[in-house]
Structures are given as structure tokens and as C-alpha cells.
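Note that this is a predicted model, so its numbers are computed, not measured. Note on naming: letters A, B, ... go to the chains in the order of the sequence lines (proteins, then strands), and numbering restarts at 1 for each one.
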Amino acid sequence: MPHDFDELYAAHFTSVATQMYAYCGSRQDAQDLTQEAFCRALARWREISRYDDPVAWVRRVAWNLATTNFRRSRIAAAFRRKQVEIHAPPPSPDRVALLTALKTLPAQQRQAVVLHYLADQPLADIAESMEVPLGTVKSWLNRARAALALELDQTDTALGADHA
Amino acid sequence: MPELERDVLADAFFDFRIKVPHEITVPGTGAVKRTVRRRRTATMGALVAVIFAVVFGAGLVLEGRDRVPGVQETAPPALTSEQLDLMGVQALAKLGYTPDDSRPGLLFGGMRAANSSYTFGTADEPFPAGGYSVSAVCVGAGGIDVSWEDRGQVKRLEVRCGDDPKGGGELRLVSPGTIRVWLDVDAAAVGRAGAAVMVTDPRTVTAVNALGTPVHQVSGGSGSFNRSGAGRMDVDQSGSKPGHYTLVVVCAGAGTVKATITIGDATATNSVPCRNVPLSPVSITLPSTRMGLPLAVSLEPDESASGSAGYAYAVTFRAAP
């Protein structure tokens, strides 16, 4: 049974954009990347609607866009021109700390962390979507956890010192 | 202390997971649809620009070689994602299709990875049993190797990018099922080429064989109707000549196709029954009295033919005495 595009978009845009935000550190870029991935999905919807998990395809395209020069492309610029400025509250210190810590990770480790902690994907699914062995994912996550814990701990210490 | 570290991260992401979704702006599916519609309209124009760029670029390389003999050739830079997508569309055009009239059995796109595979048909909608033909074309640099399994035996087509479409591949499904195709892309083509692969279903092969090659043929095409009910429309803007144009159509499978030929404001229509055997071509002749009129052919399947018929058509021309 082919999936319905409108339903899929309504159900998953926010979650994919949230994951992309954690990955690239910019909410605006995350929205643009996600919108572009859905545009590409709709252009091939006859084929993609038959996939078991079309969202996995959309997410993958968004990751690919995030690692290419899409954010500097004229398509991204066109998206930005059309956007209405949204006044959101400034990010909390905890979120800034998390995004800063995530940025210190190599791209693949960061992707694995986001898929695990935000997309709630089992390790086997992460391995399949990233086309690497399961052991590699486990290794990335272990290294990422250690590095992030250290980064967050240092940030907490620094914040504590600032507040003192 | 991996468990403790994991808890720290889970807590950090918990806040992110709860608050961020409320800050995300959702542009909506209306914006997606407008973007896709605008890109489809622009694609053909952009395609002409890409073809021009490729031809012009080749001229520059040759000129450079003449001026600096002995300079070692280096691989061209990888293309952007958008350029690769256009190369895929360009390859598809070489098989006679655009993304909008794509149909089951067609695969096209930019060559981004050294190895990939694609499965035609699904368990719910398998391809019909029978003999299939496989053809492929590549645009850009390098070459690709298309392979598939035919009753336990691996078969392949080697395609050099820039060559004419390569056909002649065959496979047979002994019962309805899926067809898996593998693409092995050489290093020169990864990131620098687009390709299209067509697996033609047995009904289309039957229709093509029944049509043959009519004498005085000026244009033609073949394919199958998908379940969406979409038909096929081809427009030749090169302009008619005074004489008689005849549209010959063969349809294999089930249902009926409404075939129409239009020259300027004049139109002629006939119904073409889709059968298994024997197949009989249906001809529609329309005179043209003026030069330079656009000529259009449309094939519209009824509900029974949608997803269940393959077709082949040809337009022939006889000049006015």
C-alpha cells in the first residue's frame, strides 16, 4: 500500500528537522535541509511511496545534503529568502553546551549519536542505514559517549565557575 | 563508566527532544508541491543548458591539449548533487522519457556511489512473468556495468558514458516477481555521470515486435501504462509538412487505449483494443495541408489498461503528390 505524502510530511517533518538540528547545529539549516529532502521525495513519490520506510529515505537525503555544500547553494538561499523570521527564545545554556559538544565529534559519530538518541533507532538499523558493520556503530557510540560526557562535564565545570 | 556516561547523554538529549520540536517551523506540503512543480517546469530548459555546457566544456579541453602538449590529464571535478540529478534526467531523455512520464521499469539518476542496486516491482505489485529486455545509457565521464540475474545466471551490460543507449540485455521471469539490477560504477563516473536503465516488460516487447518498423516512419515510442492511469503524450514541434500522417498503434495486455493524433487544430481519434494474441495494429490517418504545424500523439489507457498493458506506436508520413 503506497504511503500518502501529506500524512508522512505532517507526521515526520518535525522529528527529521529536530535530528538535523542536532547534527548541524542550526535550526534554520535543519529546516531547509528537511524541506529540500521532502521536495526530492515528492519528485520521485511514485517510487518512494512504495518503500517500506520512506522516512528513512528522506532522512538519508537530508544527511547527504548536510554533508554536501547544499547549505551554500542557491536552493538554500531561495529557501531563506522565502522564510518568515520566527522569534524563538534563545537556546538554553544546556542546549548550547550539547550542540557545542556534538560539533567536536567526527561527522559519522555525530550522525550515529543523533540516530540513536533522537531517532531512537536500534544499533542494527543505524548500521544498515549508514552501511557499516554493527561493531563499527558500537565503537563510534562508545567513543562518542566518552567524548561528549567529557565535553559536557567540562562545560558544566566552566559554567559553575562562571556562576560562582 | 559507560552506563553513567549514557545517562548523562540521555538527559542532555531529553531536554533537546522535548523543547526543539516546538521551535521548528514547518513550511507545509503546499510549499513542497510548489517547489517540485516549478522545478519540473524548469528541468527541460536547464537540461539544454547542461548539454551546452558539456559540449562547450569538451571544446575547452581539446583546445587546452593542443596548446600544451604533454600535460597530464587530470580527472574532472565531481559535480554537484543538482548537476548529477540533471545528468540522470539527461540519460533518461536518451531512452525517450522525461521524469514526468517515467514508468515502472525505469531507473535514472546521478552516479553517486561505486555500487548500488535497485529492485523493480514489489511483492504486492510484482512484474508479470515473461521475457524482458534490458537497456542502459550513461551520460558524463567513465562507464558503468549493469548486471542482473536471469534464472540463476548473472548477465551484464557494459556501458561507456557518452555512447548511444545499449540494449540487447534479456531476462525471463518464470512467474510474477521482482527484478534486481546492480550498478557498478567506475571511479571516473562516480560523482561525474548520470545513467538510466530500462527494463521493458514482456507486454511492451510483444507490442514492439508486433508493430515492427513501418516504412516511412518519422517518430515512435513504446512503453507500458502504470496504475496511476497516466497516459503518454508526445509533441513534435519541428513542424509538419503537407501530406498524410498516419499513427499506427499496437497494444498488448488488457483494456483499451484511446489513440489521438493532432496536427495544428485537426484531430483524429480511434480506440485500440489491448489483447494478448493475436495483436492487430490500428491506424489513424490525418492529412496536413500546411507547413510548420506541431504534431502531437496521445495514448490514454482506460481503467483496465492502466497497469496491465504495454504499447508501441509509430507515426509515418507520405508527402502530398
Please check if atom OH in Y118(B) has more than 12 non-hydrogen atoms from other residues, nucleotides or ligands closer than 6.0 Å.
yes
Can you spot which of R143(A), K138(A), R145(A) makes a side chain to side chain contact (heavy atoms under 4.5 Å, CB included) with L141(A)?
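That would be R145(A); it is the only one of R143(A), K138(A), R145(A) passing the side chain to side chain contact (heavy atoms under 4.5 Å, CB included) with L141(A).
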Measuring heavy-atom distances to chain B, does [X] have an atom under 4.5 Å in its side chain, in its backbone, in both, or in neither?
X: A30(A); answer: neither
X: D52(A); answer: neither
X: L102(A); answer: side chain
X: L118(A); answer: both

So does D85(B) pair up with R112(B), basic N to acidic O under 4.0 Å?
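Salt bridge present between D85(B) and R112(B).
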Indicate the atoms forming the closest heavy-atom contact of A305(B) with F225(B), along with that distance.
O-CB, 3.8 Å
My understanding is that only residues two or more places apart in sequence, or in another chain, count here; which of them pass side-chain contact (heavy atoms from CB on, under 4.5 Å) with K33(B)?
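K33(B): side-chain contact (heavy atoms from CB on, under 4.5 Å) contacts with D6(A), L42(A), T29(B), R37(B).
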Taking atom types as modelled and ignoring hydrogens, do the side chains of Q19(A) and Y117(A) form a donor-acceptor contact shorter than 3.5 angstrom?
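No, Y117(A) and Q19(A) have no side-chain donor paired with an acceptor closer than 3.5 Å.
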Residues of residues 54-62 of chain A under 4.5 Å from chain B (heavy atom pairs)?
none
Kindly determine whether C161(B) and V139(B) satisfy side chain to side chain contact (heavy atoms under 4.5 Å, CB included), including the steps that lead there.
CA-CA 5 Å; C161(B) 297; V139(B) 173; 6.0 Å; no
Working note: D145(B) + W182(B), criterion side chain to side chain contact (heavy atoms under 4.5 Å, CB included); need CA distance, chi angles, decisive distance, verdict.
CA-CA 8 Å; D145(B) 191 359; W182(B) 285 266; over 6 Å; no
